[in-house]
Amino acid sequence: MRWADAEERLQGTLYPALPRTGQPAMLSLHVGAFEGEEFTGPLTLTVHLEGAPDQLTRTLTRDGVNWHTELVLEEPGLYELEVRYQARRLKVVTGQLTVAAQPLPPWLGWGLVVVGAGAVLALGVRGAVRRLRPVEPPPRDALPSQEVVAPAAPVTGDATPSGPATPEAATAAPATGNTAPDEAPAPPADATSNR
């Protein structure tokens with residue numbers, strides 16, 4: 001807050017600059033005279049929420065070179081400030097102050113920190129236990145069954161042109177016919193040659 005005319009100037013600072021509901025904020029005001037005697041007070045401050053009928057009024061006394069007061073505002077919103085003092089004549093300076101809502105109550109913020117730390121600890125312990133535990137293979141009956149299909153036997157000579165119908169028949173029944181193409185068939189046993 002800054003204001004000046006030909007006779008005096010008023011400067012005000014607020015710490016913290018953006019106060020929150022329920023937290024104390026320190027307002028410091030300084031009145032300086034350009035000519036003549038220094039202003040010694042008193043100084044009156046009025047604070048009220050914009051549009052609300054209730055207001056807070058305080059008469060401040062000088063502490064060093066400034067006037068200080070602590071404000072604790074309970075509702076968020078835009079507040080109007082009015083500073084009144086009389087040096088050579090009555091001066092009224094107005095300003096505005098924004099008060100923000102608390103993001104979280106302090107107990108809820110600490111509760112969230114504790115819950116988060118507990119969750120991180122639980123996940124860390126769970127991961128460590130999983131790494132230490134030996135991995136067991138699943139039971140045989142839990143594995144999916146797989147059919148074994150034997151490759152078809154090569155067909156040579158006078159074997160039947162179609163292979164076995166099932167894999168069991170392929171492994172059980174040997175192929176018939178000549179197995180080597182270079183062998184000649186044996187003559188029948190009762191044949192005689194008459195030449």
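Bear in mind the structure is a predicted one, so any value in this text is a computation, not a measurement.
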Under 3.5 Å: donor-acceptor pair, side chain of Arg58, backbone of Glu70:
yes
Between Arg84 (side chain) and Thr44 (backbone), is there a donor-acceptor pair under 3.5 Å?
no
Would you call [X] and [Y] a side-chain contact if the rule is heavy atoms closer than 4.5 Å?
X: Leu73; Y: Leu97; answer: yes
X: Gln11; Y: Trp3; answer: no
X: Leu45; Y: Val47; answer: yes
X: Val99; Y: Tyr79; answer: yes
X: Leu56; Y: Leu71; answer: yes
X: His68; Y: Met26; answer: yes

What is the distance from atom [atom1] of [X] to atom [atom2] of [Y], rounded to the nearest 0.5 Å?
X: Glu8; Y: Arg89; atom1: CD; atom2: CZ; answer: 8.0 Å
X: Thr57; Y: His48; atom1: OG1; atom2: NE2; answer: 9.0 Å
X: Leu49; Y: Asp54; atom1: CG; atom2: CG; answer: 9.0 Å
X: Gln96; Y: Leu78; atom1: CD; atom2: CG; answer: 4.5 Å
X: Gln55; Y: Glu82; atom1: CD; atom2: CD; answer: 8.0 Å

All pairs passing ring pair (Phe, Tyr, Trp, His ring centres under 6.0 Å) where residues 6-37 contributes a residue, at least two apart
none
Quick note, ring pair (Phe, Tyr, Trp, His ring centres under 6.0 Å) partners involving residues 80-99, not counting sequence neighbours, are Phe39-Tyr85
State, to 0.1 Å, how close [X] and [Y] come at their nearest heavy-atom pair, and which atoms those are.
X: Gly12; Y: Leu29; value: CA-CD2, 3.7 Å
X: Pro16; Y: Pro24; value: CD-O, 4.0 Å
X: Ala101; Y: Pro76; value: N-CB, 3.8 Å

Pick from Thr94, Thr46, Leu60, Leu43: which one makes a side chain to side chain contact (heavy atoms under 4.5 Å, CB included) with Val83?
Leu43
